[in-house]
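We count residues from 1, following the sequence as given.
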Amino acid sequence: MYTLIRSARKTIALELTRQGDLIVRAPNRMPEREIRAFVASKEAWIRAHREKLLAAAPDEADRLGPAELKRLAEAARADLSARARHWAGVMGLRYGKLTIRSQTTRWGSCSAKGNLNFNCLLMLAPEAERDYVVVHELCHLRHMDHSPAFWAEVEAVLPDYRARVAWFKANGAALMRRMTG
């Protein structure tokens, strides 16, 4: 059983929610039988990841409540604003507004208008990893994609960025699961 979301995308993708529910994102015109066949072919992956996700779900005591999220957001506003100013200066860039949010799927984003958004949960990550997310989003001011030119820009500023990405791959999901909800 899964929830199907169709959109103007080109590829099919699977997503497991924190509760272990399966969401299938598919192109508008993809036939239902192709979608069912794709999901069936990924059954082992779905089962393994669902078990891993549910086994790693934090206890209620590990979840962050509204007061803790507010405290993290206030700390993030000061910390990430300072980091963005610093790195934008180093990189010779200007950005628009900086917003702090409590997100469950993203560490940061950069809008087409040059506004930066950061997740308050970044305050639970080490400083070097916070710098990486800030630099990553600032690089989107020059490259609004993840092209080779974008990654070259990131590497020019943070030559060890791959280790920082690896930290998020190893620890990011556990931090995201601490979000209330």
Side-chain angles (χ1 to χ4, degrees), residues 3 5-19 21 23-27 53 63-64 66 68-181:
T3 300
I5 299 175
R6 291 181 178 272
S7 64
R9 60 184 296 131
K10 294 181 181 179
T11 59
I12 189 169
L14 301 178
E15 175 186 340
L16 283 171
T17 67
R18 291 184 311 182
Q19 295 77 27
D21 298 324
I23 297 173
V24 179
R25 299 183 186 278
L53 178 73
R63 292 205 186 269
L64 298 165
E68 293 165 301
L69 288 172
K70 183 178 179 188
R71 182 187 58 76
L72 284 175
E74 289 168 2
R77 192 167 283 91
D79 181 84
L80 298 172
S81 293
R83 288 177 195 282
R85 279 191 305 275
H86 167 76
W87 288 109
V90 167
M91 299 166 70
L93 294 170
R94 296 177 67 125
Y95 57 90
K97 291 189 319 184
L98 188 145
T99 306
I100 303 299
R101 298 193 172 146
S102 299
Q103 299 164 293
T104 59
T105 58
R106 292 179 183 231
W107 293 109
S109 63
C110 176
S111 75
K113 293 182 178 179
N115 296 325
L116 304 177
N117 299 298
F118 295 107
N119 191 325
C120 70
L121 294 179
L122 282 170
M123 296 311 296
L124 301 176
E127 288 190 25
E129 281 64 27
R130 281 182 268 167
D131 280 336
Y132 161 70
V133 174
V134 169
V135 168
H136 180 111
E137 298 312 331
L138 287 169
C139 286
H140 281 309
L141 293 171
R142 289 196 177 125
H143 307 278
M144 286 301 285
D145 55 22
H146 289 114
S147 64
F150 167 85
W151 289 111
E153 183 100 17
V154 172
E155 188 169 31
V157 180
L158 296 174
D160 67 338
Y161 82 90
R162 287 176 184 85
R164 300 173 196 218
V165 169
W167 186 91
F168 279 103
K169 285 185 179 180
N171 302 287
L175 291 183
M176 290 286 188
R177 283 192 299 272
R178 294 191 63 195
M179 187 70 69
T180 303

Backbone N/O of [Y] and side chain of [X]: donor-acceptor pair under 3.5 Å:
X: Asn119; Y: Arg106; answer: yes
X: Arg83; Y: Arg130; answer: no
X: Arg142; Y: Phe150; answer: no
X: Arg63; Y: Met179; answer: yes

Can you name the nearest heavy-atom pair linking [X] to [Y], along with the distance?
X: Leu93; Y: Leu138; answer: CD1-O, 3.5 Å
X: Val134; Y: Ala84; answer: CG1-CA, 3.6 Å
X: Pro126; Y: Trp167; answer: CD-CZ2, 3.3 Å
X: Met144; Y: His140; answer: SD-O, 2.9 Å

Is the closest side-chain heavy-atom distance between [X] and [Y] below 4.5 Å?
X: Leu121; Y: Leu69; value: yes
X: Phe168; Y: Leu175; value: no
X: Leu16; Y: Asp21; value: no
X: Val24; Y: Ile5; value: no

Test salt bridge (Lys or Arg N to Asp or Glu O under 4.0 Å) on Glu155 and Arg162; report intermediate values, then the result. CA-CA 9 Å; Glu155 188 169 31; Arg162 287 176 184 85; 3.0 Å; yes
Is the ring pair Tyr161/Trp151 parallel, tilted or perpendicular, if the boundaries are 30 and 60 degrees?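 Rings of Tyr161 and Trp151: parallel, under 30°.
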side-chain contact (heavy atoms from CB on, under 4.5 Å) with Arg6: which residues, sequence neighbours excluded?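 Expected list: Leu4, Asn28, Met30, Glu32, Ile35.
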Report the residues that fulfil side-chain contact (heavy atoms from CB on, under 4.5 Å) with Lys113, sequence neighbours left out, ordered by chain and then residue number. Ser111, Asn115
For His143 and Cys139, run side chain to side chain contact (heavy atoms under 4.5 Å, CB included): C-alpha distance rounded to whole Å, both residues' side-chain angles, the deciding distance at 0.1 Å, then the answer. CA-CA 6 Å; His143 307 278; Cys139 286; 5.6 Å; no
How long is the gap from CG on Leu141 to CD on Glu153, to the nearest 0.5 Å?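 If we round to the nearest 0.5 Å, Leu141:CG and Glu153:CD are 9.5 Å apart.
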Can you list every ring-ring contact (aromatic ring centres under 6.0 Å, His included) pair that touches residues 78-103, not counting sequence neighbours? none
Assess the pair Trp107 and Phe118: is the distance between their ring centroids shorter than 6.0 Å? no
